[in-house]
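All chains are named by letter (A, B, ...) in the order of the sequence lines, taking the proteins before the strands, and each is independently numbered beginning at 1.
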Protein chains: 2
Amino acid sequence: MATRTDAPTRREQILKEAARLFAERGFHGVGVDEIGAAVGISGPGLYRHFAGKDAMLAELLVGISGQLLTGAKRRVREADGVGAEALLDSLIEGHIDFALDDRPLITLHDRELDRLRDSDRKLVRQLQRQYVELWVEVVRELYPELTEPTARSAVHSVFGLLNSTPHLGRAGSLPGRGATAALLHRMARGAFASAG
Amino acid sequence: MATRTDAPTRREQILKEAARLFAERGFHGVGVDEIGAAVGISGPGLYRHFAGKDAMLAELLVGISGQLLTGAKRRVREADGVGAEALLDSLIEGHIDFALDDRPLITLHDRELDRLRDSDRKLVRQLQRQYVELWVEVVRELYPELTEPTARSAVHSVFGLLNSTPHLGRAGSLPGRGATAALLHRMARGAFASAG
DNA sequence: CAGGAAGGTTAGCGGTCGTTAACCTGATGG
DNA sequence: CCATCAGGTTAACGACCGCTAACCTTCCTG
C-alpha cells in the first residue's frame, strides 16, 4: 500500500470534515456554511472544489464502497490458496480496520445512501453488492451447509455487528483499539460459526 | 399484554407514518406536508395533534426506548429463577421481535437521536442505558470471564447484529420471518459465546 | 512584468419548510 | 336550538439554505 506522507489537499480536508458533520447531524442537517467553516473558508468557497453539496456526499459514498471492495479484492488475491479460514479472517480484519479508522464514513455508508442521485446510488449499490457477494462466497466455502440466502443474511448481520463501533462510547470507555478489534473479530467468527 | 383491538387513533396513525417516512428519508428530509398527506390530511392539520415536527420525533424515540426497556424488565421478572441461559434467550427473542416488527423505529432509534431537544435526548439516553445494563448483567452472569466494559461492548455489537434487519432486502429475498428470527438468534448467541 | 488561473470573499436570489393565523364544518350536549 | 369544540382547510410569513454573481487577491509562468 502506497502510504501517504504528503499533506492532505484542500479537497480531502473538505471531504473529511463533511463526512464527520454528515455523520453527526445528517446530510440535511448540515449547511454548506458549516462545512466551509470546518476547513477555515466560508460557505460558497466550497464551490471552487465541488459542484455542490450532493457531489460531496456522492464522492464520499462512492469512495467508501470502492475502497471496501478494492481492499477485499486485494485480500482475496493475496490470500490465494491459504484456505477459506484465513481468508475470512483477513476480510474481517479489513472491515474492522475500516470501521475503527473511519467511523463517520461507516455511519454515512448505511445512513445517507438514499440522498444520492439515481446514477450514483446505483453505482454505490453495485459496489456494495459485489462486496457482499465476495464475503458470501468465502462464507459458503467455509460453511457449505448454509444456503445462499442464509449466508447473505448472515453476512449482512455480521456487517451490522462490525459496524456497531460508532455506538461504542466515544471516549476511553472502550478497552483500547487492539482489544476492541480482537473482540469484534472473535464475535464475528462466533456468529458465522453459529449461523448453520 | 392487553392486546389492542380498537381502531388506531389519528395520533397513532400519524406517528406510524411519520416513523416510516423519517426512517426512509431522514428527519430533515421529510416535510410536514408529506406526513399529513400520508394520513389523508394536509400539512398544518398535524398541529391539532402535535406541538410540532420535533414533538413527533421525540414521542417516537421516547416510546421506542420505553417499550424496549419495559419489555425487557418484564422478561427479567417473568424469568425469575429459570437461569441466565433462558433469560438471555428471552431478551434476544424480544429484541428480534421488535427489530422485525418495527423496522422503521429500530432505524430511527440509532439514527435521529441527535435531533432531539436536550431534555428528551437525555431521557432517551437514560432509557437506553438501563436497557443495555440489563443485558450486561445477564451476559456477565452467563459469561463471568467477561469484564464489564467488554460485556458492554459485546452487547452493543449484538444490538448492531440484531438491528441489521433493515438491511436484509425488503422483499421475499429473506427466508421468511421465522427462519430469519432463528438465524439472528443463533448468531447472537454464537457472538456472545465467542466474546470471552 | 504582464496576465491568467486558482482560490478566496460578500451580497443576494429563489425555493423550501415549519409554523401561525384566520376561517370553516360537522357533531355533541345542555 | 344554539354554543362549543374537535379537527380540518387555505394563505401567508419568516427563516434558512443551496447556489450564483461579481469581485478581489495571490502566485505561477511565458
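Nucleotide C:dG8 holds its P atom 9 Å from the CD atom of A:Q13, rounded to whole Å. If you take OH of B:Y47 and P of C:dC17, they are 12 Å apart, rounded to a whole angstrom. The CZ-P distance, from A:F50 to C:dG8, rounds to 12 Å in whole Å. Straight-line distance from the CZ atom of B:R115 to the P atom of C:dG18: 14 Å, rounded to whole Å. Across the protein-nucleic acid pair, A:E12 atom CD and C:dG7 atom P stand 13 Å apart, rounded to whole Å. To the nearest angstrom, C1' of D:dC16 lies 12 Å from NE2 of B:H28.
Looking at every heavy atom in both residues, B:L15 comes nearest to B:L60 through O-CD2, 3.7 Å. Across all their heavy atoms, A:I92 and A:R189 have their closest contact at CD1-CD, 3.5 Å. Scanning all heavy atoms of the two residues, the minimum distance from B:A99 to B:L162 falls at CB-O, 3.7 Å. Across A:L183 and B:A195, no two heavy atoms sit closer than the pair CD1-O, 3.4 Å.
Toward the 5′ end of DNA chain D lies the nearest nucleotide of A:G29, the other residue of the pair A:A51 and A:G29 mapping further downstream.
The existence of a salt bridge linking B:E112 and A:R111 is excluded, since no basic side-chain nitrogen approaches an acidic carboxylate oxygen closer than 4.0 Å. In summary, A:R20 and A:E24 engage in a salt bridge, as defined by a charged side-chain N under 4.0 Å from a carboxylate O.
Between A:W135 and A:F159, the two ring planes are perpendicular [angle over 60°; tilted spans 30° to 60°].
Listed by first then second residue, pairs satisfying salt bridge (Lys or Arg N to Asp or Glu O under 4.0 Å) with a partner in residues 125-134 of chain A read A:D114-A:R125, A:E133-A:R152, not counting sequence neighbours.
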Review item, side-chain donor-acceptor pairs of residues 37-51 of chain B, under 3.5 Å, at least two apart:
none

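Considering only residues two or more places apart in sequence or on other chains, A:D101 meets the salt bridge (charged side-chain N to carboxylate O under 4.0 Å, His left out) condition with A:R177.
Taken over five-pair windows at either terminus, the axes of the helix from C:dC1-D:dG30 to C:dG30-D:dC1 are inclined to one another by 10° (rounded to 10 degrees).
A heavy atom closer than 4.0 Å to some atom of DNA chain D occurs in no member of residues 52-62 of chain B.
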(message) At under 4.0 Å between heavy atoms, how does the protein contact nucleotides 5-12 of chain D? Give one character per nucleotide, 5' to 3', with B, S or -.
(response) --BBBBB-

